[in-house]
Amino acid sequence: MNFELLIQLIVNGLIVGLLYGVIGMCFVLVYKSTQIVNFAQGEFLLVGAWVCWASLIYLELPFFLGFILSLCFMAAFGVLLQMIVLRPMIGEPIISVIMVTIGLSIFFQALMKWIFGVSPQSYPQVFDTQSINIFGLNIEMAYLMSTIIALIIMVAFYLFFKHSKHGLAMRATAFDQQVAQSLGISVKQVFAMSWGIAATVSATAGVVIGMVNGVSDSLSIMGIKVFPAVILGGLDSIVGAIVGGITIGVLENLAEFFDSQYLHIGNMYDIAPFYVLLIILWFKPYGLFGTKDIERI
Amino acid sequence: MSSLTMRPCGDFRTSYKQDNTIFETKTIRYAAILSIIALCFAPLLVDSYFITLLIQISYLGIAALGLNILVGYTGQISLGHGAFFGFGAFASAWLNTSFSIPVFLCIPLAGFLTMGVGMMFGAPAARIKGLYLAIATLASQFIIEDFFARAEWFSGGSAGSMAEPLNLFGFVFDTDQSFYYVALFSLVFMFIWGCNLMRSRDGRAFVAVRDHYLSAEIMGVKLNKYRLLSFGVSSFYAGIGGALYAHYLGYVSAEGFTIFMSVQFLAMIIIGGLGSIKGTLMGVIFMVFLPEALEGGVGLMKMTDWGNIPMVVDGLAYIKEMAIGLVIIGFLIFEPEGLAHRWTQIKNYWKFYPFAY
């Protein structure tokens, strides 16, 4: 048993899991406040990462300026997307809503491939040192930054929902749209805002992952990987999304480890989360923290 | 009233039999029969490229009808239909090569095998619905895709597997023209079967489950049975479509059956109209001809001076993908009930033509 590799993989899993948690949080945010399952979540990462890359390469901005510029762009992008495409879908059956976001995902994936090509591109060097050594473990600088950013985002989410007026409005809308509306909350604004926040935060995750692995089409797979995470936690629990994200991150690395050491099946890293997902749905159809649907006639 | 060539305005169905006919009027019935006869002569009239498109419409149409029974009639969601289609293709090739079962038996057997697999993966549907079901079927898509790449005994792994052409009483259907008749026969057969299924007790139970599953259960429709049965029927259709695809191309490779294919099937039935059998066919025709039309359009643009932009000409593959995404969004926003509904509206417009009120 190779303990060093195991621990390295678990740490990697924790770091990637935190990112899954962040993406999952955006997903849950959109689902909770607008009742839309966003299959285009991965494309938010993709578009954000490409926009940031383009602003660094073509506009030759310094990294932090380019990063902030792409975040502003993504906020506007999310809001516009909600206003143009998703507002007409309010009140439509679930299958239509799902298909609209799938359509968006196909469209933006192809658009990005068309504009930027299919080969992965790497970001210009941001940090002087590539990786640092903590307790004998190699941790890439970008991963360290991603952990810090992820933690900041989570704290910011908590403060925003607990203590700000808009956060309260969003919680009220998630609780009951009609009541929120009758109390003078602009539900439209809340919807647009939740999409804007989701797009911005996902783009941050996209840039971070792009810095480590390079920006390419494969970023959008993150949007699919997040499903096992949010299902594990329950679709409408933000804490659940974080817990689910970390669990899936560690789990896929463990699956990879045991596969490479003992089983030699191959491809476990990508496929293990989906087996877990099916098993969870068999035994706990509403996830670990999700609210049960109780229906009355 | 059914003797009239046209229906009067309003629905004047007075007997159960009238309510249950496949074709609403005699004219429609004759038109359907005539168009099938006309299609029989198609290989004599049109070139072979058009025939390949018609064959494509046939096998995709069969699979799409299965998905429409599941999504449009029973109200379940499946994001794994492309994988089931692929399973049918591999299963038929596998049965043929490993057990040397004749091909014309392999095709229905592959359908039943796929039905089993579909019911296995559809089993969570007994407990979950809506979004959770969508995500569960998404997982099954990835798991089956992974299985294709892994199981060399079944699918030949990354090399793919060969499928022999259909051979019936010594006659080998290995050209486009001869296979066209097989495809056309299967399409007509499966569509008539689909129509009849929807007129039966099981079909009505499907619709009841879709419209209000709690009421359906209270009225004695076994919910779990019909949800599972619907998954079974839908996978059976997917399997038959996939098997035809395999024996038409003669070669199956694991790369084709991705989530994108599942989305395309969903796009077909949404564009055509959920819960409409003729809409299914319309949607399939639309989706098969859309890339062709784009290619033709870009080809025309290339001939003019101002239209010969390298970015457009080289990026045709991406433009096709984008068009699929756009068409899905556009139909859902502007015509959520699909082409079948638009067709009814056009018919109504001409029925009252000068005096529409």
Side-chain angles (χ1 to χ4, degrees), chain A residues 31 35-37 39-40 84-89 92-115 117-118 224 227-228 230-231 235 265-268 270-271 273-287 290 293 295-297, chain B residues 71-72 75-77 79 121 123-124 127-143 145-147 149-150 212-215 218 259-260 262-264 266-267 269-270 274 311-312 314-334 336:
Chain A
Y31 178 67
Q35 308 296 320
I36 286 172
V37 169
F39 275 79
I84 297 169
V85 180
L86 290 146
R87 198 162 286 172
M89 301 312 295
E92 295 282 328
I94 285 176
I95 175 81
S96 311
V97 177
I98 288 179
M99 280 309 286
V100 158
T101 58
I102 290 179
L104 281 176
S105 133
I106 291 178
F107 177 75
F108 283 110
Q109 215 171 329
L111 185 70
M112 290 297 123
K113 272 194 265 180
W114 191 27
I115 297 177
V118 281
I224 300 218
F227 284 116
V230 293
I231 287 287
L235 267 179
I265 302 174
N267 200 18
M268 266 338 242
D270 286 326
I271 211 74
F274 291 107
Y275 281 106
V276 174
L277 193 155
L278 270 191
I279 293 167
I280 296 165
L281 284 176
W282 264 103
F283 292 106
K284 278 189 82 72
Y286 294 98
D293 248 355
E295 287 182 61
R296 297 185 178 86
I297 300 180
Chain B
V71 179
Q76 309 289 297
I77 300 175
L79 288 172
F121 281 103
R127 294 189 67 187
I128 54 179
K129 61 188 176 55
L131 298 172
Y132 288 90
L133 183 59
I135 295 169
T137 53
L138 184 76
S140 66
Q141 161 81 35
F142 286 108
I143 289 172
E145 228 178 282
D146 182 58
F147 173 74
R150 193 188 301 288
H212 203 297
Y213 74 98
L214 282 176
S215 318
I218 289 164
I259 176 82
F260 187 64
S262 304
V263 171
Q264 269 182 307
L266 277 170
I269 61 171
I270 281 176
L274 290 174
M311 189 149 184
V312 174
D314 298 335
L316 186 61
Y318 305 128
I319 296 179
K320 281 182 193 169
E321 269 182 54
M322 277 160 64
I324 290 173
L326 273 185
V327 161
I328 295 172
I329 300 169
F331 263 91
L332 282 170
I333 292 179
F334 298 112

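Below, read A as the first sequence line, B as the second, and so on, with proteins coming before strands; counting in each chain starts at 1.
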Results of ring-ring contact (aromatic ring centres under 6.0 Å, His included) for B:F331 - residues two or more places apart only = B:F286
query = Counting heavy-atom pairs under 4.5 Å to chain B, which of A:K113, A:M89, A:Q109 comes out on top?
reply =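 Among the listed options, the one with the most contacts to chain B is A:K113.
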Measure the spacing between [atom1] of [X] and [atom2] of [Y] and express it to the nearest 0.5 Å.
{"X": "B:Y132", "Y": "A:F227", "atom1": "OH", "atom2": "CZ", "value": "12.0 Å"}
{"X": "B:E321", "Y": "A:F108", "atom1": "CD", "atom2": "CZ", "value": "14.0 Å"}
{"X": "A:W114", "Y": "B:I319", "atom1": "CH2", "atom2": "CD1", "value": "4.0 Å"}

Do [X] and [Y] have side chains that get closer than 4.5 Å, going by heavy atoms?
{"X": "A:I271", "Y": "B:F147", "value": "no"}
{"X": "A:I95", "Y": "B:L266", "value": "yes"}
{"X": "A:F39", "Y": "B:L138", "value": "yes"}

request  = Show your reasoning for whether side-chain contact (heavy atoms from CB on, under 4.5 Å) applies to A:V100 and B:I328.
outcome  = CA-CA 7 Å; A:V100 158; B:I328 295 172; 5.9 Å; no
Side chain from CB out, backbone as N, CA, C, O: work out which of these in [X] comes under 4.5 Å of a heavy atom of chain A, or both, or neither.
{"X": "B:V71", "answer": "side chain"}
{"X": "B:A136", "answer": "both"}
{"X": "B:I259", "answer": "neither"}
{"X": "B:L133", "answer": "neither"}
{"X": "B:I270", "answer": "side chain"}

Contact origin within [X] toward chain B - heavy atom pairs under 4.5 Å:
{"X": "A:L111", "value": "both"}
{"X": "A:Y275", "value": "both"}
{"X": "A:I224", "value": "side chain"}
{"X": "A:L86", "value": "neither"}
{"X": "A:E92", "value": "side chain"}

task = Let me see the working for B:F121 and A:L278 under side-chain contact (heavy atoms from CB on, under 4.5 Å), right down to the final yes or no.
result = CA-CA 9 Å; B:F121 281 103; A:L278 270 191; 3.8 Å; yes
query = Of the listed residues (B:L79, B:V327, B:I333), which shares the most heavy-atom pairs with chain A below a 4.5 Å separation?
reply = B:I333
note = salt bridge (charged side-chain N to carboxylate O under 4.0 Å, His left out) pairs touching residues 94-104 of chain A, sequence neighbours excluded, are none
